[in-house]
Chemist: 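Before we start, here is the structure in question, set down as structure tokens.
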There are 2 protein chains.
Amino acid sequence: MRAHVLKAALQAIEDVGFERLRVKDIADRAGMSTGHVLYYFGSRDRLLVSTLLLSEADLDERRGAELDGLPPEAALARLVELYLPTSAQDVRWRLWAQVIAKPPSDAGTLARLDGFFRSWAAELAGIARRLSPGLDADDFAVRHCRLMDGLASDVLLGTGDAARARATALAAMRRELATAGRSS
Amino acid sequence: MRAHVLKAALQAIEDVGFERLRVKDIADRAGMSTGHVLYYFGSRDRLLVSTLLLSEADLDERRGAELDGLPPEAALARLVELYLPTSAQDVRWRLWAQVIAKPPSDAGTLARLDGFFRSWAAELAGIARRLSPGLDADDFAVRHCRLMDGLASDVLLGTGDAARARATALAAMRRELATAGRSS
DNA sequence: CTCAAGATTTGAGCGCGAGTCTAACCCTTG
DNA sequence: CAAGGGTTAGACTCGCGCTCAAATCTTGAG
């Protein structure tokens with residue numbers, strides 16, 4: 001039910017774009033009235049946060065399924081692709097930008113958002129551990145996820161392009177994995 | 001004249017907070033009408049972008065003056081302090097978050113925003129070069145500025161605190177400067 | 001100085017969209 | 001069937017960004 005609205009929200013963003021998105025666009029696509037949508041979610045902002053949570057949960061699942069069987073080097077490259085925005089219009093990242101600009105005050109929601117970050121970091125740490133056992137994989141993972149966050153904001157701004165962001169992130173990771181290998 | 005409005009904008013944000021900021025708050029503090037403010041800046045969003053540009057220009061200048069005489073190790077620590085948000089309410093970073101969430105389409109503005117980033121990176125590269133001559137300082141600087149961008153978004157969200165962000169950034173830089181020293 | 005042509009400045013008002021409210025509706029349970 | 005709580009719609013309110021026409025000020029030529 002809530003999920004149905006959230007799917008409609010994602011569709012609406014695809015259709016009308018993030019800038020022009022009204023809650024009516026979402027309500028129409030979900031086959032209900034604006035009042036009803038707000039009855040469920042309380043406010044437009046909270047609806048968008050929920051949409052981000054859905055989007056992250058989806059990706060979390062797909063990531064697990066997809067990276068599971070891959071050799072670590074390929075998994076690393078794929079994780080970077082999945083994490084970073086595909087373009088300045090990337091819906092998931094536009095939602096992140098929105099949420100960071102207007103952070104929810106609700107502690108539970110913040111915890112869930114943080115949980116998704118940690119999930120990414122844990123996945124990256126697992127790969128790093130396989131590639132370079134001597135490394136402090138958790139620290140490595142957190143730092144490089146944050147690096148990708150920074151690169152993502154560059155892409156969202158329109159200053160950098162997605163391909164360069166991916167290349168930069170991968171190069172940074174490989175360099176550190178390599179030097180760690182040398183020193184061990 | 002424009003600067004007068006922008007100062008008023010910064011004051012208004014301090015006073016009423018980012019969430020509740022109306023263009024009337026700015027107009028009042030600048031001693032003019034809302035119509036006039038918009039006559040100059042075209043739209044609320046463009047006004048906020050200009051405010052960010054002023055804020056960055058200010059900091060750019062202060063940074064240069066302050067770091068100039070410092071020994072490199074102290075300069076590094078101070079640069080990290082100046083770059084990262086002081087709290088989740090940090091005005092300059094809230095402006096960044098706003099601009100990333102609603103990026104300007106104007107190429108000139110994007111170029112100026114990118115210019116400020118590059119200015120930070122150049123300053124950091126200069127310090128890195130002094131601390132560890134063997135390093136690719138430009139690459140180091142860009143990566144660590146992006147890392148700080150990512151850490152900043154964590155602080156803005158309310159997930160992480162400013163002190164930890166500073167510690168993480170500094171530790172990451174020192175580690176890499178140290179390992180580069182070892183390998184040279 | 002005078003006056004016209006523009007630039008600046010105002011504030012009332014428009015439009016849009018988020019959020020509220022009320023009344024109808026449906027579904028369960030006794 | 002009746003009663004009552006959850007659900008739904010849509011009209012309404014309200015705040016705010018933005019527009020616009022009119023008022024005021026500036027400039028500079030004659």
Side-chain angles (χ1 to χ4, degrees), chain A residues 1-55 91 94-106 109, chain B residues 1-55 91 94-106 109:
Chain A
M1 165 44 94
R2 280 174 64 101
H4 176 236
V5 177
L6 297 177
K7 294 278 171 65
L10 288 172
Q11 187 59 53
I13 294 170
E14 294 281 346
D15 290 353
V16 311
F18 213 95
E19 314 294 305
R20 313 215 172 281
L21 180 73
R22 294 163 301 163
V23 345
K24 183 158 198 314
D25 296 321
I26 298 167
D28 285 351
R29 262 154 263 259
M32 46 180 76
S33 68
T34 70
H36 191 45
V37 168
L38 289 167
Y39 169 80
Y40 268 125
F41 290 92
S43 76
R44 181 181 186 274
D45 285 348
R46 262 181 265 167
L47 167 57
L48 290 181
V49 173
S50 297
T51 309
L52 173 58
L53 290 171
L54 172 73
S55 177
V91 172
R94 291 244 78 91
L95 286 166
W96 269 109
Q98 176 68 30
V99 170
I100 289 170
K102 292 185 176 187
S105 49
D106 171 50
T109 306
Chain B
M1 165 43 98
R2 280 174 62 103
H4 176 236
V5 178
L6 298 177
K7 294 276 170 67
L10 288 172
Q11 187 59 52
I13 294 170
E14 293 282 347
D15 290 353
V16 311
F18 212 95
E19 314 294 305
R20 313 213 173 284
L21 181 72
R22 296 164 298 164
V23 345
K24 182 159 199 318
D25 297 321
I26 298 167
D28 285 350
R29 262 152 262 256
M32 46 179 75
S33 66
T34 69
H36 191 45
V37 168
L38 290 166
Y39 169 80
Y40 268 124
F41 290 93
S43 76
R44 181 180 188 276
D45 285 348
R46 261 181 267 168
L47 167 57
L48 291 180
V49 172
S50 297
T51 308
L52 173 58
L53 289 171
L54 172 74
S55 176
V91 172
R94 290 245 78 91
L95 285 165
W96 270 110
Q98 177 67 30
V99 169
I100 289 169
K102 291 185 175 187
S105 50
D106 171 50
T109 305

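In the text below, chain A, chain B and the rest are named by the order of the sequence lines, each starting its count at 1.
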Chemist: Report yes if some heavy atom in the side chain of A:Arg94 is under 4.5 Å from a heavy atom in the side chain of A:Gln98; otherwise report no.
Modeler: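 Answer no - side chains too far apart.
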Chemist: What is the distance, rounded to the nearest whole Å, between atom CE of B:Met32 and atom P of C:dT8?
Modeler: 12 Å
Chemist: Quick one, A:Pro104 and A:Asp45 - any side-chain contact, counting heavy atoms below 4.5 Å?
Modeler: no
Chemist: Could you tell me which non-hydrogen atom of B:Glu14 sits nearest to which non-hydrogen atom of B:Val91, and how far apart they are?
Modeler: OE2-CG2, 3.7 Å
Chemist: Tell me the interatomic distance from A:Arg46, atom CZ, to C:dG19, atom C1', rounded to whole angstroms.
Modeler: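 For the pair A:Arg46 CZ and C:dG19 C1', the rounded distance is 11 Å.
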Chemist: What integer distance in Å separates A:Leu38:CG from C:dC21:C1'?
Modeler: 13 Å
Chemist: Look up atom CE in A:Met32 and atom CG in A:Leu38, then write down how far apart they are to the nearest 0.5 Å.
Modeler: 11.5 Å
Chemist: Backbone N or O of A:Asp25 within a donor-acceptor pair of the A:Asp28 side chain at under 3.5 Å?
Modeler: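 No; zero donor-acceptor contacts below 3.5 Å.
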Chemist: Quick one, B:Leu95 and B:Val49 - any side-chain contact, counting heavy atoms below 4.5 Å?
Modeler: no
Chemist: Whether A:Arg29 and A:Asp15 form a salt bridge (side-chain N of Lys/Arg under 4.0 Å from carboxylate O of Asp/Glu) is what I want to check.
Modeler: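 A salt bridge links A:Asp15 with A:Arg29.
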Chemist: Within this structure, what is the CG-to-C1' distance between A:Leu47 and C:dA18, rounded to whole angstrom?
Modeler: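 Distance check: A:Leu47 CG to C:dA18 C1' gives 12 Å.
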Chemist: Which residues within residues 12-31 of chain B lie with some heavy atom under 4.0 Å of an atom in DNA chain C?
Modeler: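 Hits under 4.0 Å, by residue number: none.
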Chemist: Would you grab the first and last nucleotide of DNA chain D (5' to 3') that comes under 4.0 Å of any non-hydrogen atom in chain A?
Modeler: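 Extent of the interface on DNA chain D: D:dT7 to D:dG10.
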Chemist: Is there a donor-acceptor contact under 3.5 Å from the side chain of A:Ser55 to the main chain of A:Thr51?
Modeler: no
Chemist: With a 4.0 Å cut-off on heavy atoms, is A:Tyr40 in touch with a base, just the backbone sugar-phosphate, or nothing at all?
Modeler: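 Here A:Tyr40 touches the backbone only, sparing every base.
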Chemist: Counting only side-chain N and O atoms of B:Tyr39, is one of them less than 4.0 Å from OP1 or OP2 of C:dT9?
Modeler: no
